[in-house]
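In what follows, chains carry the letters A, B, and so on, assigned in the order in which the sequence lines appear, proteins first and then strands, with residues in each chain numbered from 1. Please read these numbers as outputs of a predicted model, since none were measured by experiment. Excluded from the calculations below are hydrogen atoms, water molecules and symmetry mates; all remaining heavy atoms, backbone and side chain alike, are included.
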Protein chains: 2
Amino acid sequence: MARRTKAEAAATREALLDAAEEVFLEKGVARTSLEQIARHADMTRGALYWHFRNKADLFQAMLQRVRMPFQELVEEIGDPSVTERPLEAIRLACLKGFERLEQPRYRRVHAILIHHCEVFGDIDPLAMQNEMAEEACGALIDYCGCAARLGHLRPGLDPEVAGELLQAMLGGLFHDWLRNHERFSILERGTLLLDTQLELMRAPASG
Amino acid sequence: MARRTKAEAAATREALLDAAEEVFLEKGVARTSLEQIARHADMTRGALYWHFRNKADLFQAMLQRVRMPFQELVEEIGDPSVTERPLEAIRLACLKGFERLEQPRYRRVHAILIHHCEVFGDIDPLAMQNEMAEEACGALIDYCGCAARLGHLRPGLDPEVAGELLQAMLGGLFHDWLRNHERFSILERGTLLLDTQLELMRAPASG
DNA sequence: CCTTTTACATACACCCTTGTATGGATGACG
DNA sequence: CGTCATCCATACAAGGGTGTATGTAAAAGG
């Protein structure tokens with residue numbers, strides 16, 4: 001075998017990550033050996049151990065490709081006026097998130113993180129999920145607080161509870177869909193449920 | 001070592017299941033060997049292989065101790081008049097569920113099923129979660145449909161969407177809490193969120 | 001063009017785990 | 001009270017996975 005050029009080496013790395021996604025999703029992280037991943041990418045463990053220190057390192061690199069914090073989604077909307085309509089900001093950011101999740105890579109990696117891996121090595125998936133949940137919930141509560149101050153929230157509805165409600169609902173939908181994505185479209189049902197929920201929480205006809 | 005009496009043997013079996021719960025929860029199902037479980041129960045693998053065929057069999061027996069279908073919770077309310085107040089039936093059944101989840105055994109086993117195990121052997125935890133979700137969601141939609149026919153639901157709110165909304169919210173809360181139960185009380189926050197959500201979905205003051 | 005480094009493939013040693021086979025002591029039972 | 005099935009411990013064989021060490025041919029770089 002010959003040494004590859006830098007571009008080929010980078011491609012090898014990506015191929016290994018792609019292979020890891022597929023095998024992890026199919027057989028679970030714990031039950032897949034590095035040998036299986038390497039073979040699935042038409043490589044050997046030698047290549048894998050050159051690009052990554054071990055399975056945990058490979059796993060983290062895999063996650064690195066699909067980071068998607070809530071605040072980033074809000075900024076991606078590109079409309080500065082959404083600050084004045086916080087509930088709409090939530091809505092558009094979630095729609096952005098749904099769209100991303102329909103991309104195979106995002107869906108697969110998140111499904112692995114949520115449903116197909118346990119603690120191993122120095123990796124704690126639950127801690128990562130906690131971080132994601134905290135970040136999202138915090139942002140949602142902030143936006144709900146903002147909405148409350150602007151009078152956009154139904155009177156009597158505590159903004160913190162509203163944020164937690166949204167986070168719980170979105171998280172539940174997220175988990176359900178990732179369990180088997182063929183049951184329904186996250187974009188369709190997500191839009192329907194989110195719009196319904198926001199409508200329930202919105203202040204009635206502010207004539 | 002001497003042979004035990006039947007009662008002692010049954011106690012051994014329970015002790016092995018208890019040990020499995022604790023070790024599974026701490027280290028994950030895949031990363032725990034049968035040796036570790038046996039030692040944690042002050043036994044050897046011999047005892048384990050006598051009571052269970054393998055890890056999958058042990059796992060299923062562990063789940064068997066905490067079955068909790070939604071319909072069973074409704075029946076446990078013991079008030080036949082709840083049929084006339086479906087939203088109240090949902091509320092009381094969920095409260096029953098919250099209370100059960102605060103028992104260590106129920107909490108631990110569900111946490112293992114949701115967050116600490118992958119597919120292994122002929123066991124597919126996701127299929128089990130799917131069954132649980134389907135059962136709960138179906139029941140919730142039924143009750144919401146009943147509520148709609150009785151005019152208890154906010155006009156314009158599709159009962160199927162209402163059921164899915166409840167299931168997503170409860171599921172999200174469930175997952176969040178099982179991730180680390182020390183953050184909040186499932187009974188307290190669950191009651192708060194559920195009451196808030198039901199209030200949002202309820203038909204306004206039917207004077 | 002020569003040297004060095006890169007990007008892998010191959011080979012090796014080690015440990016952990018599983019399943020089963022065997023042993024043995026005693027409760028259950030007639 | 002003797003026999004048998006039970007309940008569990010111990011021993012054994014086998015396989016699979018990990019990490020590392022070594023080999024190597026070509027790309028990088030001067």
Check your understanding: Between the side-chain atoms of B:Arg4 and the base atoms of C:dG27, is any donor-acceptor pair under 3.5 Å?
Key -> no
Point to revise | Whole-Å distance separating the CZ atom of B:Arg39 from the C1' atom of D:dT10 | key: 13 Å
Check your understanding: Does C:dA28 have OP1 or OP2 sitting under 4.0 Å from an N or O in the side chain of B:Thr5?
Key -> yes
Revision key, fill the gap. Atom CZ of A:Arg45 and atom C1' of C:dC8 are separated, to the nearest Å, by 13 Å
Review point. Does the separation of the ring centres of A:Phe59 and A:Phe120 fall below 6.0 angstrom?
Key: yes
Practice item. In whole angstrom, give the distance that lies between atom CZ of B:Arg53 and atom C1' of C:dT18. Key: 15 Å
Point to revise | Between P of D:dT20 and CG of A:Leu34, the distance in whole Å | key: 12 Å
Check your understanding: Can a side chain N or O of A:Gln36 be found less than 4.0 Å away from OP1 or OP2 on D:dG16?
Key -> no
Point to revise | Distance in angstrom units between B:Leu48 CG and C:dT17 P, rounded | key: 14 Å
Exercise for review: Would you kindly compare B:Lys55 and B:Ala7 by the position of their nearest DNA chain C nucleotide and give the one closer to the 5′ end?
Suggested key: B:Lys55
Point to revise | Residues B:Glu35 and B:Thr44: side-chain donor-acceptor under 3.5 angstrom | key: no
Study note, to complete from the structure: Separation of D:dC8 atom C1' from B:His51 atom NE2, nearest Å, is 8 Å
Point to revise | Charged N-O contact under 4.0 Å between A:Asp18 and A:Arg65 | key: yes
Check your understanding: What's the CH2-P distance between B:Trp50 and D:dA9, to the nearest Å?
Key -> 12 Å
Exercise for review: Examine the side chains of B:Arg189 and B:Ser185 and answer whether a donor and an acceptor come within less than 3.5 Å of each other.
Suggested key: no
Check your understanding: Is B:Thr44 touching bases, backbone alone, or none of the nucleic acid, heavy atoms closer than 4.0 Å?
Key -> base
